[in-house]
Amino acid sequence: MTDPTPLFSLSSALADVVARAAPSVVSVRSHRSRATGFVWKPGLIVTADEALADEGEVEIGLSDGSTIAATIAGRDHTTDIALLRADTDLAPVKLATTVPSLGSLSVVVATGRETPSAALGMVSASGKSWRSLRGGDIDARIELDVRLRGSQQGGLALDASGEAFGMAVLGPRRVLVIPAATIERVAAQLEARGRIARGYLGLGLQPVRLDDGIGAMVMSVDKAGPSAAAGIRQGDVIVAVNDQKLSGVRALSRTLGPASVGAVVDVAAHRGGEPVSFKVTVGERPEA
């Protein structure tokens, strides 16, 4: 028998990587929506929040064709992570918090049309932490040059050695990976509390242009919120927070992450053309 070619050896190695991960990957079905999930802990499944319907029952499809009911244990729109509870004894995935290097091969193990699927690609971007458009803290910027269908969202992203380094999701223009460090941090909070704490000022804001930059006019004030307690009123125009000029309402919202709850911030504003200042203790955003 001739020695296997390098291409055959690579093919066999990739097939082995997929075979080891596939038993922990499931399909997620919710109100006309299909996605992929994986077992994070016994009885707990992580999936892509964006692919999970906002209403209706949730089912988990297993590799033998059977289905089981699931409930939503918690979800975080800002990091695109949802946690499901299901009565299953499937083995959990061991997540590796290492970030793959640029140009390395990656395999996404998912489900498609109710059967296991795999897609091979390359890590096209690998960088530092970033904040999502919805204000979620993502521990590393990882992008994949790979094509995925909607039902493959939530699939496991593996490196060439078979280590699971995150969850593949569909970004606006490319496939992103929510890294393992983010999944471990957010899923643990969802398991414990069902939600992620977010900072809350209790203000409805509208951006306005000023002579020297951008401000945020207070359009409404939650009477029971922290800003009302500090003395901020409707009609005030916020110009700076902690001595930093305001760059926009969205930028201000992005600073109100979990770590902001309980922090005291200095808010500079204009009232009737006169400067005023407030010390606001950031509260926790109430559940919708």
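- With no hydrogens or angles considered, no side-chain donor-acceptor pair links Ser132 and Thr78 at under 3.5 Å.
- Pro92 and Pro42 make their closest contact through CG-CD, 3.6 Å (heavy atoms, listed as atom of the first residue, atom of the second, distance).
- By the side-chain hydrogen bond (donor to acceptor under 3.5 Å, both in side chains) test, Ser66 pairs with Asp64, sequence neighbours left out.
- Within the 4.5 Å cutoff, the side chain of Asp87 has no heavy atoms near those of the Ile68 side chain.
- Taking Ile, Leu, Val, Met, Phe, Trp and Tyr as members and joining any whose side-chain heavy atoms lie under 4.5 Å apart, directly or through other members, Phe8 forms no hydrophobic cluster with any other residue.
- Contacts of Arg85 classified as side chain to side chain contact (heavy atoms under 4.5 Å, CB included), with partners at least two apart in sequence or in another chain: Leu44, Thr71, Ala73, Glu191.
- A heavy-atom distance below 4.5 Å is not found between the side chains of Ser30 and Glu57.
- Grouped by direct or indirect side-chain proximity (heavy atoms under 4.5 Å, Ile/Leu/Val/Met/Phe/Trp/Tyr only), Leu102 sits alone.
- Interatomic distance, OG of Ser33 versus CD of Glu50, reported as 9.5 Å (0.5 Å rounding).
- Put simply, the side chain of Gln234 gets close to the backbone of Met219: a donor and an acceptor are under 3.5 Å apart.
- Cluster annotation: Val58 and Leu90 are assigned to the same hydrophobic cluster (Ile/Leu/Val/Met/Phe/Trp/Tyr, side-chain heavy-atom contacts under 4.5 Å, transitive).
- Counting only N and O atoms by type, the side chains of Glu163 and Thr98 include no donor and acceptor under 3.5 Å apart.
- Listed by chain and residue number, Leu210, Lys245 satisfy the side chain to side chain contact (heavy atoms under 4.5 Å, CB included) test with Asp212 (two or more places apart in sequence, or in another chain).
- Judged as a side chain to side chain contact (heavy atoms under 4.5 Å, CB included), and not counting sequence neighbours, the contacts of Thr47 are Val28, Ala35, Ala82, Leu84.
- For Asp139, the side-chain hydrogen bond (donor to acceptor under 3.5 Å, both in side chains) partners at least two apart in sequence or on another chain are Thr182, Arg185.
- Under the rule for a side-chain hydrogen bond (donor to acceptor under 3.5 Å, both in side chains), Thr5 has no partner lying at least two apart in sequence or in another chain.
- Cluster membership for Ile60 and Leu83, using ILVMFWY side-chain heavy atoms within less than 4.5 angstrom, is not shared.
- Within the structure, salt bridge (Lys or Arg N to Asp or Glu O under 4.0 Å) contacts touching residues 6-25 (residues at least two apart or in different chains) are Asp16-Arg20.
- In this structure, the side chains of Asp76 and Asp49 stay at 4.5 Å or more apart for every pair of heavy atoms.
- Ile72 and Val46 fall into different hydrophobic clusters, where Ile, Leu, Val, Met, Phe, Trp and Tyr are joined by side-chain heavy atoms under 4.5 Å apart, directly or via other members.
- Side-chain contact check for Ile81 versus Met167: some heavy-atom pair is nearer than 4.5 Å.
- No single ILVMFWY cluster, assembled from side-chain heavy atoms under 4.5 Å apart, contains both Ile45 and Phe38.
- What you find for Leu95 and Ala180 is that their closest heavy atoms are CB-CB, 3.8 Å.
- Leu144 belongs to a hydrophobic cluster whose remaining members, ordered by chain and number, are Val99, Val108, Val123, Ile142, Val146, Leu148, Phe165, Leu170, Val175, Val177; membership requires side-chain heavy atoms of ILVMFWY residues under 4.5 Å apart, directly or through intermediates.
- Separation of atoms NZ (Lys94) and OG (Ser24) is listed at 13.5 Å; rounding is to 0.5 Å.
- A distance of 9.5 Å separates CZ of Arg75 from CG of Asp80, quoted to the nearest 0.5 Å.
- Here the closest heavy-atom approach between residue Pro179 and residue Ala140 is recorded as CG-N, 3.6 Å.
- Checked by atom type and distance alone, the side chain of Thr36 pairs as donor or acceptor with a backbone atom of Ser151 at under 3.5 Å.
- Here the straight-line distance linking atom CZ of Arg271 with atom CZ of Arg233 works out to 4.0 Å at 0.5 Å rounding.
- There is no path of hydrophobic side-chain contacts, each under 4.5 Å, that joins Val26 to Ile178.
- Enclosure of atom CZ in Arg250 is not indicated, since only 12 or fewer non-hydrogen atoms of other residues, nucleotides or ligands lie within 6.0 angstrom.
- Listed by first then second residue, pairs satisfying side chain to side chain donor-acceptor pair (under 3.5 Å) with a partner in residues 100-109 number zero, not counting sequence neighbours.
- The local environment of CD in Glu184 is crowded, with over 12 non-hydrogen atoms from other residues, nucleotides or ligands closer than 6.0 Å.
- From Glu59, atom CD reaches atom CZ of Arg34 across 8.0 Å, with rounding to the nearest 0.5 Å.
- Chaining together hydrophobic side chains whose heavy atoms lie under 4.5 Å apart places Val221 alongside Leu201, Leu203, Leu205, Val218, Ile232, Ile238, Val241, Leu246, Val249, Leu252, Leu256, Val265, Val267, Val276, Phe278, Val280, Val282.
- Closest heavy-atom contact between Pro258 and Ile196: CG-CG2, 3.7 Å.
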* Show your reasoning for whether side-chain contact (heavy atoms from CB on, under 4.5 Å) applies to Trp130 and Leu176. => CA-CA 12 Å; Trp130 58 289; Leu176 303 174; 4.1 Å; yes
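- The two atoms that bring Gly231 and Asp236 nearest to each other are O-OD2, 4.5 Å, heavy atoms only.
- Note on Lys279 versus Asp266: salt bridge recorded, some NZ/NE/NH1/NH2 to OD/OE distance being below 4.0 Å.
- Ser27 OG to Gln152 CD: the interatomic distance, rounded to the nearest 0.5 Å, is 12.5 Å.
- Here the shortest heavy-atom pairing between Gly155 and Ala110 reads CA-CB, 4.0 Å.
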